[in-house]
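Heavy atoms only: backbone and side chains are in, while hydrogens, waters and symmetry mates are out. Indexing begins at 1, ligand by ligand and atom by atom, following the structure's order.
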Amino acid sequence: MQPINILLIGGGGREHTLAWKMAQSDLTQSIFITPGNAGTSMHGTNVSLDITDHHQFKNFCIDHHIKMIVVGPEAPLVDGLYDICKADDHLATIPFIGPSQAGAELEGSKAFAKAFMTEYNIPTAAYKEFSLENLEEGYRFLETLSPPYVLKADGLAAGKGVLILKDINEAKTQLHSMLNGKFGKASDKVVIEEFLDGIEFSVFALTDGKNYVLLPIAKDYKRIGEGDTGLNTGGMGAVSPVPFVNDEMRDIVIQQIVKPTIDGIADRGFDYYGFVFIGLIACEDGPKVIEYNCRLGDPETEVIIPRLKNDLVQLFLSTADGTIGQQEVKVDKQFATTVMMVSGGYPEAYKKGKVITGLDQVNDSIVFHAGTKKENHQVLTNGGRVLAITTLGNSIETCTSKSMSYAEKIDFDDKYYRTDIGKDLE
Ligand code: AMP
Ligand code: GLY
């Protein structure tokens, strides 16, 4: 096959990792990334493209002979980019990695995801959904639960839509405020569910809507502070594999969760050529789903993709032509951990534009850029999460120590990172 031009949508650590991996494929001619970051520009060309402008998007794909579109983040998928492409004569034949709008509802609507799990008997927390009309019923449902109370905005709320509250009165107040627009339209509906106690981990499948391959399992660290305390972030670090997910638990996850999820997608007839990311909690009575995402996780991607030995572009082509079931995933047995360096203040207010130094000192880890940009030959911070430092090795401890030694050497004003990534798993 002739090497192809690929358009990758997104600009975070996940996209740098995907660009890094796809650039290693013989099937890749060139990669265009929109918007990209300073890291993606090492593997392709960053372009500024308004993907919601159909003409601009289409003309770009035609002019640059794009033969594959890969979508990193959820928003374009939930907004129906797949469907727009498939409805266009010129774009319809381009392999597209990411589900249709209907499939992306698994992430775009918590109520939809819960109904899906109920229909296909997929273990998850007991729940009910409420809107402003039945607020009183919501209060009564809360009274039947024991604390803590879990309230979820139905729609996408930039990762902030889940509230976990200890006090019933606070839960009622928050339910009232969510249904009155706390998260805009995203909280017109609210899912209230049973609190699940256990350790979280993440499972990823690449599917063509009927068959799938399982990618390495990972665990991310969501809170800003040591010991997983403080505010929720996009993710402060990740580890793969996850030692407590042994073969037996993996088997249960496949049989009770992954297979029924893919079968459900097939049964509903969704066009789904892309990733399913299943967020799980290992409960005493077995693993349960806390959420679906229709994309890869960030920073989980920064540990699972470096462990993947397959040609990623080949896997994507097989996904798009419906033959992913014939592929066999080969995984490096080593551990991978990533430590995220963030801007001081994140996940609240932080400053951008700080000069990053010391990147050239890294030789046996991989630095994946997240919020960075290049300006006048310098690399500057350009977001809350700035760099993910990934190390492969024989133990979680050796990997995180090495990542942290580089996090010490790499410098920018007000840098911060957690020093306990993976410690609970060692
Ligand atoms: P989500 O936005 O669905 O990823 O939820 C954010 C975080 O809230 C999850 O990563 C969990 O830590 C927590 N969470 C969500 N649902 C539950 C639940 N039912 N029980 C306990 N924790 C939960
Ligand atoms: N790290 C969690 C996520 O990507 O949603």
Side-chain angles (χ1 to χ4, degrees), residues 10 12-15 17-18 71-75 77-78 104 106-114 117 122-129 142 145-166 171 178 183 186-187 190-204 215 217-224 228-240 242 275-285 287-305 338 340 342 347 368 370 384-385 388 418 421:
R14 169 181 49 211
E15 288 75 25
T17 313
L18 291 173
V71 183
E74 64 279 10
L77 299 167
V78 173
L106 284 176
E107 175 162 3
S109 165
K110 303 268 188 208
F112 176 90
K114 295 298 282 192
M117 288 184 256
I122 296 163
T124 188
Y127 83 106
K128 279 194 175 166
E129 60 176 271
L142 282 170
L145 300 173
S146 35
Y149 305 93
V150 182
L151 271 53
K152 300 185 169 184
D154 177 52
L156 295 183
K160 298 196 168 72
V162 176
L163 302 182
I164 298 182
L165 306 154
K166 293 201 181 88
M178 287 171 89
F183 298 109
S187 61
V190 171
V191 165
I192 301 180
E193 68 178 33
E194 167 201 12
F195 179 82
L196 299 177
D197 202 11
I199 310 183
E200 288 178 46
F201 62 104
S202 308
V203 169
F204 300 88
L215 300 171
I217 292 174
K219 179 182 189 318
D220 84 337
Y221 292 78
K222 289 205 167 72
R223 306 295 188 109
I224 188 72
D228 231 27
T229 53
L231 293 174
N232 239 334
T233 72
M236 295 295 292
V239 173
S240 176
V242 184
F275 295 101
V276 185
F277 162 178
I278 312 178
L280 296 162
I281 293 196
C283 301
E284 246 168 39
D285 56 345
K288 295 187 183 171
V289 178
I290 40 171
E291 62 165 346
Y292 285 119
N293 296 302
C294 61
R295 52 169 174 91
L296 282 177
D298 196 347
E300 290 93 330
T301 305
E302 289 91 307
V303 291
I304 66 177
I305 294 296
T338 200
M340 194 55 92
V342 306
F368 292 118
R385 293 192 293 171
R418 271 178 62 173
I421 301 304

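Rounded to the nearest 0.5 Å, atoms CD1 (I281) and CZ (F195) are 6.5 Å apart. Here NZ of K219 is found 7.0 Å from CD of E200. Values are rounded to the nearest 0.5 Å.
Those atoms of ligand 2 with a heavy atom of G297 less than 4.0 angstrom away are 4 (O). Here is the list of ligand 1 atoms found below 4.0 Å of a heavy atom in K110: 1 (P), 2 (O), 3 (O). For ligand 2, the atoms sitting less than 4.0 Å from at least one non-hydrogen atom of D220 are 1 (N), 2 (C), numbered in the order shown with element in parentheses. Of all atoms in ligand 2, listed by their number and element, those nearer than 4.0 Å to a heavy atom of F277 are 3 (C), 4 (O), 5 (O). Near F195, meaning under 4.0 Å from any of its heavy atoms, are these atoms of ligand 1: 20 (N), 21 (C), 22 (N). Within the listing of ligand 1, atoms 3 (O), 15 (C), 16 (N) sit less than 4.0 angstrom from a heavy atom of K152. Near K222, the atoms of ligand 1 lying under 4.0 angstrom from a non-hydrogen atom of the residue are 10 (O).
Checked options L280, V276, L215; the residue passing with V203 is L280 (criterion: side chain to side chain contact (heavy atoms under 4.5 Å, CB included)). Put simply, the residue from I421, D298, D220 that forms a side chain to side chain contact (heavy atoms under 4.5 Å, CB included) with M340 is D298.
Considering each of E291, E193, R223, the one bringing a non-hydrogen atom nearest atom 18 (C) of ligand 1 is E193. One option in M236, E300, R295 has a heavy atom closer to atom 5 (O) of ligand 2 than any other, and that option is R295.
With a heavy-atom cut-off of 4.0 Å, L196 touches ligand 1 through backbone and side chain alike.
Between G234 and ligand 2, at least one N/O pair is under 3.5 Å apart.
Looking from atom 10 (O) of ligand 1 to the surrounding protein, the closest heavy atom is E200 OE1, 2.9 Å. For atom 22 (N) of ligand 1, the closest non-hydrogen atom of the protein is I164 CD1, 3.7 Å. In this structure, the protein non-hydrogen atom closest to atom 2 (O) of ligand 1 is V162 CG2, 3.2 Å.
Of the possible polar contacts, none joining the R295 side chain to the P73 backbone as a donor-acceptor pair under 3.5 Å is found. At least one donor-acceptor pair closer than 3.5 Å links the side chain of D154 to the backbone N or O of K110.
Contact check for P299 versus R385: side-chain heavy atoms found under the 4.5 Å cut-off.
Counting heavy atoms of neighbouring residues, nucleotides and ligands inside a 6.0 Å radius, atom NZ of K222 exceeds 12 of them.
Salt-bridge annotation for K114 and E193: present, with a side-chain N of the basic residue lying under 4.0 Å from a carboxylate O of the acidic one.
Listed here is the closest heavy atom pair of F277 and G297: CE1-CA, 3.3 Å.
Within a 4.0 Å radius of atom 7 (C) of ligand 1, the protein has no heavy atom.
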